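As structure tokens, the structure follows; a few thoughts come after it.
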Amino acid sequence: MSDDHQNTPRGMKRGLTRYGDEEFSLYLRKAFIKAMGYSDDALSRPVIGIVNTFSAYNACHANVPPLIEAVKRGVMLAGGLPMEFPTISLHESFSFPTSMYLRNLMSMDTEEMLLALPMDACVLIGGCDKTVPAQLMAAASADVPAIQVVTGPMLSGTHREERVGACTDCRRFWGEYRGGRIDATEINEVEGRLAPSAGTCGVMGTASTMACMTEALGMMLPGGAAIPAVSAERLRHGEAAGTRAMALAKEGLKPSTIMTPAAFENALRVLLAIGGSTNAIVHLAAIAGRLGIELDMPAFDALGADTPVLVDLKPTGQYYMDDLHKAGGMAPILRALKPLLNVDCMTVSGRTLGEEIDASPPAFPQDVVHPLDNPIHSGGGIAFLKGNLAGEGAIIKQAAGTADLMVHEGPAMVFDSLEDLATRIDAPDLDVTPDSVLILRNAGPKGAPGMPEAGYIPIPKKLAQQGVKDMVRISDCRMSGTAFGSIVLHATPEAAVGGPLALVETGDTVRLDVPNRRLDMDVSDEELARRRAAWSPPATTHAERGYKKLYMDHVTQADEGVDFDFLTQRPFNAKTPR
Ligand code: FES
């Protein structure tokens with residue numbers, strides 16, 4: 001324990017409001033808080049802040065109230081005072097224009113509250129896609145001892161005896177409906193079956209991926225990533241987090257000590273092994289950026305060479321998150337990857353990752369997590385592309401794509417915006433064949449704005465009706481972690497700031513070559529220079545006031561995590577993976 005930690009005021013004495021008289025500030029604080037019935041004994045205890053992200057708009061967080069009660073119980077069993085407080089809550093389907101646009105706002109809200117309110121440690125309760133990244137970004141910047149608890153995945157559902165889950169099956173059934181293979185009555189029936197309980201999407205989407213990343217990073221107690229939202233075990237995990245937060249408060253173990261370059265490397269390995277969401281790359285870059293750590297994409301791509309996909313979960317495999325929990329959760333994944341992991345990394349439990357792996361329950365036969373010598377998909381689940389259409393880089397989740405399309409050449413069909421896409425994609429006279437390459441631009445961090453999950457460009461209706469299920473699609477936006485297809489994402493710089501996607505035209509020949517990590521358009525440098533001279537930024541990037549102005553003036557590109565430049569720690573002092 002450092003002298004600084006020992007000498008810092010504790011509990012209610014922390015962060016007193018400034019009136020120029022500290023004793024008066026404490027007296028006034030206690031006078032007000034006593035109106036809520038607290039005793040002097042309670043107010044003399046260590047304080048554990050609990051971030052409450054319950055919202056009537058957020059079904060992924062519907063179990064937050066009982067989870068808070070469990071965390072509080074854990075804090076009180078250890079002799080502390082739990083204090084819950086609210087922050088913004090973001091749900092994917094209730095965040096206009098997109099939850100990504102608001103992630104940084106949530107991280108700022110959380111960071112400032114962690115710093116403004118008196119607490120010796122905190123328990124962050126998040127779950128839906130952007131909430132856990134926002135909370136970890138905040139914890140990294142505030143550097144208050146913190147444990148992440150997730151709400152946990154929802155249960156899988158059933159539709160006409162077929163197992164279904166949000167949201168991979170949401171997209172699959174919608175594709176069937178667009179293709180005319182199921183009718184309006186059935187799609188309405190499906191709508192009521194996809195999300196049968198509270199909790200986050202039940203496949204290896206972004207929420208589940210970030211839960212696994214958090215456990216691999218060491219910011220969550222072991223076993224917490226996959227426990228279903230509605231199980232009693234989820235509550236016991238919450239109770240344990242509350243109790244452990246009290247020990248963290250005493251030890252002063254901070255996020256910056258846990259989230260090191262080596263810990264991020266562990267998280268990136270796990271991302272590859274679970275066939276996780278591409279969104280995690282953006283979020284990990286943002287969290288690491290808060291600590292002055294740069295995400296090295298070519299090095300990440302190289303990690304894929306010896307990190308195969310081991311987890312057989314949708315959207316790349318067949319199982320659901322409740323199956324992963326029954327198979328042992330993160331324990332079999334970490335056990336299989338142990339030879340590749342930095343096992344000396346400290347975790348919030350107070351033990352190293354290696355010690356936690358050794359202490360995990362014994363292995364048993366199961367089909368969900370494969371051993372290293374019998375993977376689902378040999379190395380390189382996510383590839384990093386360069387080329388005259390990729391600029392500073394673009395990514396593709398090859399494990400979720402069609403093998404035959406990983407090397408493909410075809411004519412571009414360019415859509416200038418989300419509105420243009422919506423207007424024309426289903427036009428009967430759209431000049432496309434299954435070989436066409438669909439390109440969506442001006443949908444990046446500034447262009448949309450908010451880099452929406454629109455990269456899963458729908459197959460044009462006339463092709464869908466012919467049975468076409470996959471095509472090469474390219475954009476500067478993101479894709480839901482629950483989606484699948486031969487889809488190139490995060491083209492950087494985005495079109496709205498003049499990246500190469502701004503220059504491609506309908507009819508240009510586009511070549512995707514994943515084995516050689518290339519994405520190119522067959523257009524001469526002279527012609528590209530001519531097009532560049534004629535280009536101007538879209539009007540949508542202009543903002544006069546409010547959060548949109550802050551966002552437009554300061555948001556960074558995908559390779560820097562789409563964070564605000566003034567929130568990141570620059571210059572970088574380390575790279576990951578190393
Ligand atoms: Fe919240 Fe999928 S919508 S996790």
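For reference, positions follow the sequence shown, starting with 1. Predicted model, so just to flag it, every value in this text is computed and none were measured.
- By the 30° and 60° cut-offs, the orientation of the rings of Tyr547 relative to Tyr101 is perpendicular.
- With no hydrogens or angles considered, a side-chain donor-acceptor pair links His159 and Glu186 at under 3.5 Å.
- The backbone N or O of Val369 lies less than 3.5 Å from a partner atom in the side chain of Gln366, making a donor-acceptor pair.
- The side-chain heavy atoms of Met204 and Thr316, taken from C-beta on, include no pair separated by under 4.5 Å.
- A salt bridge links Arg163 and Asp322; the closest N-O separation between the charged side-chain nitrogens and carboxylate oxygens is under 4.0 Å.
- Here CG of Asp420 is found 9.0 Å from CZ of Arg441. Values are rounded to the nearest 0.5 Å.
- With Thr151 contributing its side chain and Ala229 its backbone, the two residues share no donor-acceptor pair below 3.5 Å.
- Atom CG in Leu489 sits 8.0 Å away from atom CD1 in Ile396 (nearest 0.5 Å).
- Here the CD-CZ distance, from Glu191 to Arg193, works out to 12.0 Å after rounding to the nearest 0.5 Å.
- You'll find the side chain of Met330 reaches within 4.5 Å of the side chain of Val270, heavy atoms only.
- Side chain of Asn442 to main chain of Asp416: a donor-acceptor pair is present (N/O by atom type, distance under 3.5 Å, no hydrogens or angles).
- Considering all non-hydrogen atoms of both residues, Leu136 and Met259 come closest at O-CE, 4.0 Å.
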- Query: Can you check side-chain contact (heavy atoms from CB on, under 4.5 Å) on Tyr320 and Leu313, steps first, answer last?
  - Reply: CA-CA 6 Å; Tyr320 294 85; Leu313 248 65; 5.8 Å; no
What's the verdict on side-chain contact (heavy atoms from CB on, under 4.5 Å) for Leu430 and Arg424, showing C-alpha distance, side-chain angles and the deciding distance? CA-CA 7 Å; Leu430 189 71; Arg424 291 197 295 128; 3.9 Å; yes
TODO: Please test Met297 against Asp559 for side-chain contact (heavy atoms from CB on, under 4.5 Å), starting from the C-alpha separation and ending with a verdict.
DONE: CA-CA 8 Å; Met297 284 305 295; Asp559 56 343; 5.6 Å; no
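- In terms of the side-chain contact (heavy atoms from CB on, under 4.5 Å) criterion, residue partners of Tyr57 (sequence neighbours excluded) are, by chain and number, Ser55, Phe94.
- When atom types are taken as modelled, the side chain of Thr185 and the backbone of Asp183 share no donor-acceptor pair closer than 3.5 angstrom.
- Under the 4.5 Å side-chain criterion, counting only non-hydrogen atoms from C-beta, Val437 is not in contact with Leu512.
- For the residue pair Ser89/Asn58, the side-chain donor-acceptor check at 3.5 Å is satisfied.
- Ala288 meets the side-chain contact (heavy atoms from CB on, under 4.5 Å) test with Phe264, Ile293; sequence neighbours excluded.
- Contact check for Met100 versus His283: side-chain heavy atoms found under the 4.5 Å cut-off.
- No side-chain donor-acceptor contact under 3.5 Å links Asn266 to the backbone of Leu217.
- To the nearest 0.5 Å, atom CD1 of residue Ile382 and atom CD1 of residue Ile281 are 4.0 Å apart.
- The heavy-atom pair separating Pro153 from Ala225 by the smallest distance is CD-O, 4.0 Å.
- The side chain to side chain donor-acceptor pair (under 3.5 Å) with Ser107 is formed by just one residue from the set Lys130, Gln135, Arg290, Glu112; it is Arg290.
- The heavy-atom pair separating Asp476 from Met451 by the smallest distance is O-CE, 3.8 Å.
- Side-chain contact check for Pro66 versus Leu235: some heavy-atom pair is nearer than 4.5 Å.
- Between the side chains of Thr87 and Asp109, no donor N or O sits under 3.5 Å from an acceptor N or O.
- For the pair Met213 and Ile287, the minimum side-chain heavy-atom distance is 4.5 Å or more.
- Under the 3.5 Å distance criterion, with hydrogens and angles disregarded, a donor-acceptor pair is assigned to the side chains of Arg171 and Ser480.
- A salt bridge does not link Glu494 to Lys446: none of the charged nitrogens lies less than 4.0 Å from a carboxylate oxygen.
- Heavy atoms only, all atoms of each residue included: Arg234 and Asn63 are closest at CG-ND2, 4.2 Å.
- Remark: the backbone N or O of Pro222 is not paired with any side-chain donor or acceptor of Glu356 at under 3.5 angstrom.
- When all heavy atoms are compared, the tightest approach of Pro196 to Met154 is CD-SD, 4.2 Å.
- Side-chain contact between Asp312 and Asp367 is absent, with no heavy-atom pair separated by less than 4.5 Å.
- In this structure a side-chain-to-backbone donor-acceptor pair under 3.5 Å is missing from Glu560 to Ala285.
- The salt bridge (Lys or Arg N to Asp or Glu O under 4.0 Å) check on Lys314 picks up Asp169, with sequence neighbours excluded.
- At least one donor-acceptor pair closer than 3.5 Å links the side chain of His61 to the backbone N or O of Thr53.
- Counting all heavy atoms, side chain and backbone alike, Met321 lies closest to Ser208 at CG-OG, 3.3 Å.
- Partner of Leu124 under the side-chain contact (heavy atoms from CB on, under 4.5 Å) criterion, chosen from Ile147, Val149, Thr110: Thr110.
- Side chain of Glu92 to main chain of Ser99: no donor-acceptor pair is present (N/O by atom type, distance under 3.5 Å, no hydrogens or angles).
- Residues Ile487 and Lys397 form no side-chain contact, since every pair of their non-hydrogen atoms from C-beta on lies 4.5 Å or further apart.
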Pair Tyr177, Val190 - check side-chain contact (heavy atoms from CB on, under 4.5 Å), show working. CA-CA 11 Å; Tyr177 175 59; Val190 168; over 6 Å; no
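- Between Glu239 and Arg236 there is no salt bridge, since no side-chain nitrogen of the basic residue lies less than 4.0 Å from a carboxylate oxygen of the acidic one.
- Asp129 contributes no side-chain N or O that, together with a main-chain N or O of Thr206, makes up a donor-acceptor pair within less than 3.5 Å.
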